Amino acid sequence: MTLRTRFAPSPTGFLHIGGARTALFCYLHTRRHQGAFVLRIEDTDTERSTQEAVAVILEGLNWLGLPPDEGPFFQSHHTARYLEVVQTLLATGHAYPCVCSRERLDAVREQQRTTGDKPRYDGHCREAHLTVAPGQPHVIRFKTPQEGEILWEDKIQGSIRIANGELDDLILVRSDGSPTYNLAVAVDDHDMGISLVIRGEDHISNTPRQIHVFKAMGWAVPEYGHMPLLHGSDGAKLSKRHGAVSVLQYREEGFLPSAVNNYLARLGWSHGEQEIFTMAELEQLFDVSALGRSAAIFDRAKLLWINGHHIRAATPEQLLPELAFQLARLGIDPAPSSEQLAAILPEFQPRAATLVEMAQKCRFLFIDSVLPYEEKAARKHLTPATRPALAALAAAFQALPAWTTTALEEAFQATLTAFGLTMGQLAQPVRVVLTGSGASPGIFETLGMLGREKSLHRLQEGLAHLDRQEQTTA
RNA sequence: GUCCCCAUCGUCUAGUGGCCUAGGACGCCGGCCUCUCACGCCGGUAACACGGGUUCGACUCCCGUUGGGGACGCCA
């Protein structure tokens, strides 16, 4: 029997980083075991589910590179089947109608809370054998066994046992006739032949309820693996408060999907002392049964480091669209050509932890003027004392027959010798004038990438700047 | 409150009774490289929550305490 897993998000919001991790683990585990990865949209809550959320979740999965083998399927399309199952449950005495009002339920819970009991349904209608009149508001509840316990070998958590006495009679069908989560999940997991349910550990308490439905229907119970949750820096379950935004936000921020996946996979899982993994490696190595059991805290600093690694390991061609995307966001117009970007990318790959950072660092190449200069850099390196050498260098460059690295180096060296300067004493002022900042790729690489025309223009611009400065201070 | 789960450097982790004077990675600090910034390299900082057992021997097994997390909806 082949492995079948499912990722089952509810479309009530975007796909955040925690959901992405669940999807990733399902996907990787399934790839490793050559199973089928099913995507199922849990939209039984018609009040809160939206089409936009579905679209954003799909887009997120697509960006991460976690395509489902089957689906997306929508639970809202399966309503008739859920209700059919409920009829069977009713007929076999595993379910019953309940006419308790919300007010009564609230009062019961309130009472239980004050007496220190676990808030739960008190079974008021359980043995009432009610026959509801047409139009009479009621829900259908599952008749949970009160004795015994549910025990399962969790793929991640080990054996978990929960006494049936801890459970109450959950609602299967709402008073508006719509099915609830626990019913829909059990029916779909069975109908879709899911053999391993991988989900967050916040679902542990739902598992015995779902297993009861399976048993009442005489279905084979799937295996379960409850993964530890992702926490924010305060140690609590990741939420919007922690900036748990859409995974697509990470694309905006210049992260590579391979890096995000790599980072996420290392949260709770390890393979020897290896830190960097390609998707292909993860698909081969990752196994949910090797997961740890304690929650992990999301650490952006490490994500940044991993992202830098993946940026360095990528080919310029792979990065090209991402960089173009970020440059466009910076308002670079016209957009540089692919050839242009591919040529400069290697210089910036080791210098950026994100594509956003990379775009900022190579921006100087695509704008008309880098004025005004970064203040600190200009103050430190662009002093009146540097003017003569700068002017001489500009003249020497001007006279160059060809804009080659060798020629540039020779002219540079000659200027150095003529003025008795060290490399740094001249390179830094030139760098500021060329890029507007005190940091850039090597000075000859920078000159080469900028090209003759822009370089010469910026040197003149720099000299003019120094002259202006002279006047204001004089 | 009740039930369930967890507990090694700040963070992610290795560790499955002796190989641990606890290893790696991120971060941080220092150094090297060097025209700047990165990258890279070298070094440093820093942890087995606590208390009982079990054992010749516990980070590793058991119990308890403490701490943290999750769940307790006509949400999923």
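Throughout, protein chains are lettered first and strands after them, A, B, ... in sequence-line order, and every chain is numbered starting at 1. In this text the structure is predicted, and so the values were computed from the model without any measurement.
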Under 3.5 Å for both donor-acceptor distances, Watson-Crick or wobble: does [N] have a partner, and if so which one?
N      : answer
B:rA47 : none
B:rA14 : none
B:rC41 : B:rG31
B:rA71 : B:rU2
B:rC9  : none
B:rG57 : none
B:rA22 : none

For [N] and [M], measure between their [atom1] atoms and round to the nearest Å.
N      : M      : atom1 : answer
B:rA38 : B:rU8  : C1'   : 33 Å
B:rA46 : B:rG40 : C1'   : 24 Å
B:rC19 : B:rG57 : P     : 15 Å
B:rG68 : B:rC42 : P     : 40 Å
B:rG27 : B:rG64 : C1'   : 36 Å
B:rA7  : B:rG15 : C1'   : 15 Å
B:rC39 : B:rG1  : P     : 48 Å
B:rU36 : B:rG24 : P     : 31 Å

Length of the [atom1]-[atom2] vector between [X] and [N], whole Å:
X        : N      : atom1 : atom2 : value
A:Asn307 : B:rA25 : CG    : C1'   : 16 Å
A:Leu291 : B:rC12 : CG    : P     : 14 Å
A:Lys302 : B:rC12 : NZ    : P     : 10 Å
A:Leu170 : B:rA76 : CG    : C1'   : 13 Å
A:Gln157 : B:rC6  : CD    : P     : 6 Å
A:Phe298 : B:rC12 : CZ    : P     : 12 Å

Who passes side-chain hydrogen bond (donor to acceptor under 3.5 Å, both in side chains) against [X], sequence neighbours left out?
X        : value
A:Lys454 : none
A:Asp299 : none
A:Glu84  : A:Arg81
A:Asp189 : A:Arg6, A:Arg40

Original post:
Parallel, tilted or perpendicular for A:Phe286 and A:Trp269, by the 30°/60° rule?
Top reply: tilted
Subject >> Any residue meeting ring-ring contact (aromatic ring centres under 6.0 Å, His included) with A:His309, in chain and number order, not counting sequence neighbours >> reply: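 Expected list: A:Trp305.
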**OP:** Scan residues 422-431 of chain A for pairs that pass side chain to side chain donor-acceptor pair (under 3.5 Å), counting only residues two or more places apart or in two chains.
**Re:**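 Non-adjacent pairs meeting side chain to side chain donor-acceptor pair (under 3.5 Å): A:His381-A:Gln428, A:Thr422-A:Gln425, A:Gln428-A:Arg431, A:Arg431-A:Ser440.
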Is [Y] close to [X] at the side-chain level, that is, under 4.5 Å between some pair of heavy atoms?
X        : Y        : result
A:Glu275 : A:Lys302 : yes
A:Ile156 : A:Glu201 : no
A:Cys362 : A:Leu327 : yes

Original post:
Hey, does the Lys NZ or Arg CZ of A:Arg209 hover above the aromatic six-ring of A:Phe142, less than 6.0 Å from the centre and inside 45° of the axis?
Top reply: no
Subject >> Protein-to-nucleotide contact annotation, 5' to 3' order, nucleotides 68-74 of chain B [B base; S sugar-phosphate only; - none; under 4.0 Å, heavy atom] >> reply: -SSSBSB
Original post:
Can you give one letter per nucleotide of nucleotides 29-46 of chain B, going 5' to 3': B for a protein heavy atom under 4.0 Å from the base, S for sugar-phosphate only, - for none?
Top reply: ------BBBSSS------
Original post:
Starting at the 5' end of RNA chain B and moving along, which residue's nearest nucleotide shows up first, A:Arg161 or A:Leu303?
Top reply: A:Arg161
**OP:** Answer with base, sugar-phosphate or nothing: what part of the nucleic acid does A:Thr12 contact at a heavy-atom distance below 4.0 Å?
**Re:**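 Nothing, no nucleic acid heavy atom in range.
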**OP:** Please name the pair of heavy atoms, one in A:Asn307 and one in A:Ala353, separated by the smallest distance, quoted to 0.1 Å.
**Re:**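 Nearest heavy atoms, A:Asn307 then A:Ala353: ND2-O, 2.6 Å.
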**OP:** Please list, by residue number, the residues of residues 271-278 of chain A whose heavy atoms come closer than 4.0 Å to an atom of RNA chain B; answer none if no residue qualifies.
**Re:**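 A:Glu273, A:Glu275 - these, ordered by number, are the residues of the stretch whose heavy atoms sit under 4.0 Å from the strand.
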Original post:
Which of residues 142-156 of chain A have a heavy atom under 4.0 Å from RNA chain B?
Top reply: none
Subject >> Minimum-distance nucleotide to A:Ser270 side chain [options: B:rU13, B:rG27, B:rC4] >> reply: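 Of all the options, the side chain of A:Ser270 is nearest to B:rU13.
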Subject >> Closest to the A:Ala296 side chain, choosing from B:rA76, B:rC12, B:rA7 >> reply: B:rC12
Original post:
Can you list every ring pair (Phe, Tyr, Trp, His ring centres under 6.0 Å) pair that touches residues 423-444 of chain A, not counting sequence neighbours?
Top reply: A:Phe412-A:Phe444
Original post:
Side chains of A:Thr180 and A:Asn182: is there a donor and an acceptor less than 3.5 Å apart?
Top reply: no
**OP:** Establish, yes or no, whether a centroid distance under 6.0 Å links the rings of A:His310 and A:Tyr263.
**Re:**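 Ring-ring flag for A:His310/A:Tyr263: false, centres at least 6.0 Å apart.
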Validation: residues 225-236 of chain A side-chain donor-acceptor distances under 3.5 Å, sequence neighbours left out:
{"from": "A:His226", "atom 1": "ND1", "to": "A:Asp154", "atom 2": "OD2", "distance (Å)": "2.6"}
{"from": "A:His226", "atom 1": "NE2", "to": "A:Arg199", "atom 2": "NH1", "distance (Å)": "3.4"}
{"from": "A:His226", "atom 1": "NE2", "to": "A:Thr207", "atom 2": "OG1", "distance (Å)": "2.9"}
{"from": "A:His231", "atom 1": "ND1", "to": "A:Gly235", "atom 2": "O", "distance (Å)": "2.7"}
{"from": "A:Asp234", "atom 1": "OD1", "to": "A:Ala236", "atom 2": "N", "distance (Å)": "3.1"}
{"from": "A:Asp234", "atom 1": "OD1", "to": "A:His242", "atom 2": "NE2", "distance (Å)": "2.7"}
{"from": "A:Asp234", "atom 1": "OD2", "to": "A:Arg241", "atom 2": "NH2", "distance (Å)": "3.3"}
{"from": "A:Asp234", "atom 1": "OD2", "to": "A:His242", "atom 2": "NE2", "distance (Å)": "3.3"}

